[in-house]
Amino acid sequence: MQNAPAYQGTDGRDRLVALSHLRWDFVFQRPQHLLTRASRDYRVSFIEEPVFEGTNFDVRRLNRGGVTVVQPVVPEGSAPDAVEAHELAVIAAECAKGAARLVLWFYSPMFAPTLGVVSPDAIVFDKMDELSAFAFAPAGLRAREAEVVAAADVVFTGGQAMFEAAQGRHPNLHCFPSSIDTAHFARARERALPDPADQANIAHPRIGFFGVIDERIDLDLIAATAALKPDWQFLFLGPTAKIDPASLPQAPNIHWLGSKKYADLPAYLAHWDAGWMPFAMNDATKFISPTKTPEFLAAGLPVVSTPITDVVRPYGVDGLVWIASTPEQAVALLERCLTPQSDNWRTRVDARLALGSWDRTWDAMRGLIEDALAATTPHKESEYV
């Protein structure tokens, strides 16, 4: 098997190579927000897990708004050792030494073997989720995470609950909860955006959720709540993952509208009456910090959530989001959401939103990365290049 060709071009900027279990084109979320902004300062590559197709080992490169998405391609049925060897060759080629410094950014600890073939100038671990608690988590994930944490120069966590749980695991640990592109979602407040065709004929009131539909969503809660209010319409935007689509509750007032582009979300939210985050209370949600919490608020929508720790603190405690555990509680609080909200609530919402933005989050992260780069020596040649 031939090594993947090394990337030849450079514009003089430092390089940031991110290794992710998430597909760039799946859902626009934390990695996309941060790395799109990082591309203003670094030459950014986003390397995904292998794509299994065809008969040849290959590599696919896609341009996504200043970020180069790299997909190792391997033939279906390839032996695990061959898959990992090709993946490491692709990563090492992307990290090939040049004049600029190299930042290696981990989203998935399963890329830990990269540490044996690449020597970056700084290593970042952005622990956005507790992946070991997710359905179908790969074997050995915890051990590989320990390797990445030990090697990292700086560790970020995606929320306060995860930060508290990680205390003492790394000397340079920082909490960066989900942030917000306020201007993007505030377009929904205008209510002038056209109602998208696939919801235009759905009656009001509309209670909506957007995001990945997986084991983190309480399907029983959805079914029971919808049954209590057959005259309310419950809309869900987003792809289904890791669960059987046939398991989704079906009722005349439950509408599964599928994946939507990030750019189109404000148009949908502009024509909803309230937001709902019916997360299951399980191991997979113990440490989540839902990005959609401030996004709902930026859109001007009152929202009810199950008692996710990073929603309760600070949004629930501050009276910005209502917390409900049962179908009956959800109905009672959603009824409150369907009444006009006070000017005081909107003022407090906007004050909270003004405290953070993805731009501000990235600027703070970049400062910590630059500190790490300043403290390290230049990286050595990879054994693959």
Side-chain angles (χ1 to χ4, degrees), residues 6-20 22-48 61-71 91 93-108 111 118 120-128 152-158 172 174-187 261-266 289 291 294-295 298 353-376 378-379:
Y7 184 80
Q8 298 297 319
T10 180
D11 56 9
R13 290 180 295 169
D14 293 333
R15 291 161 297 150
L16 190 158
V17 176
L19 310 174
S20 179
L22 298 169
R23 300 287 179 195
W24 185 272
D25 292 332
F26 181 53
V27 174
F28 200 92
Q29 51 190 309
R30 181 185 179 95
Q32 289 86 346
H33 280 294
L34 291 173
L35 297 177
T36 298
R37 287 161 174 79
S39 68
R40 305 167 187 167
D41 305 304
Y42 300 92
R43 179 157 53 88
V44 177
S45 297
F46 182 88
I47 302 182
E48 300 180 352
R61 301 171 62 84
L62 309 170
N63 187 344
R64 292 294 183 265
V67 173
T68 300
V69 175
V70 181
Q71 297 174 337
I91 293 170
E94 202 68 19
C95 294
K97 183 179 171 124
R101 300 172 297 178
L102 172 65
V103 177
L104 192 61
W105 179 300
F106 285 87
Y107 274 110
S108 171
F111 287 93
V118 173
D121 298 290
I123 297 172
V124 176
F125 179 29
D126 187 12
K127 184 177 171 65
M128 65 177 282
D153 296 289
V154 58
V155 177
F156 305 138
T157 69
N172 196 14
H174 302 270
C175 180
F176 287 103
S178 296
S179 199
I180 176 67
D181 182 349
T182 299
H184 179 70
F185 284 92
R187 295 172 55 228
K261 295 180 180 178
Y262 178 75
D264 295 336
L265 290 177
S289 177
T291 306
E295 292 173 344
L353 295 174
L355 296 177
S357 69
W358 287 115
D359 287 333
R360 185 178 297 178
T361 297
W362 167 245
D363 286 344
M365 287 180 165
R366 182 182 178 226
L368 293 166
I369 294 169
E370 289 299 318
D371 289 344
L373 285 169
T376 60
H379 64 281

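When reading the values below, keep in mind they use all heavy atoms of this one structure, side chains included, and skip hydrogens, waters and symmetry mates. One-based numbering along the sequence shown.
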Chemist: Taking all non-hydrogen atoms of both residues into account, name the closest pair between R37 and W362 and its distance.
Modeler: O-NE1, 3.7 Å

Chemist: Check whether S20 reaches the backbone of Y107 with its side chain - one donor and one acceptor, N or O, closer than 3.5 Å.
Modeler: no

Chemist: Does the D153 side chain pair with the main chain of I123, one donor and one acceptor, at a distance under 3.5 Å?
Modeler: yes

Chemist: So, for T157 and C175, which heavy atoms are closest and what is the spacing to 0.1 Å?
Modeler: OG1-CA, 3.5 Å

Chemist: So F28 and W24, would you call those rings parallel, tilted or perpendicular, with 30° and 60° as cut-offs?
Modeler: perpendicular

Chemist: Quick check against the 3.5 Å criterion: does R366 have a side-chain atom that pairs as donor or acceptor with the backbone of A38?
Modeler: no

Chemist: Go through the side-chain N and O atoms of Y42 and D14 and say whether any donor and acceptor fall under 3.5 Å apart.
Modeler: no

Chemist: I'd like to know if the side chain of R43 reaches the main chain of S39, judged simply by a donor and an acceptor atom lying under 3.5 Å from each other, with no hydrogens or angles considered.
Modeler: no

Chemist: Does R101 reach the main-chain N or O of L16 with its side chain, forming a donor-acceptor pair under 3.5 Å?
Modeler: no

Chemist: With a 3.5 Å distance limit and no angle check, can you tell me whether E295 reaches the backbone of F185 through a side-chain donor-acceptor pair?
Modeler: no

Chemist: Do T291 and Q29 have a side chain donor and acceptor closer than 3.5 Å?
Modeler: no

Chemist: Examine distances only and state if a side-chain atom of D121 and a backbone atom of L373 form a donor-acceptor pair shorter than 3.5 Å.
Modeler: no

Chemist: I would like to know whether R187 and D181 meet salt bridge (charged side-chain N to carboxylate O under 4.0 Å, His left out); could you show each step before the answer?
Modeler: CA-CA 11 Å; R187 295 172 55 228; D181 182 349; over 6 Å; no

Chemist: H174 side chain to M365 main-chain N or O, any donor-acceptor pair under 3.5 Å?
Modeler: no

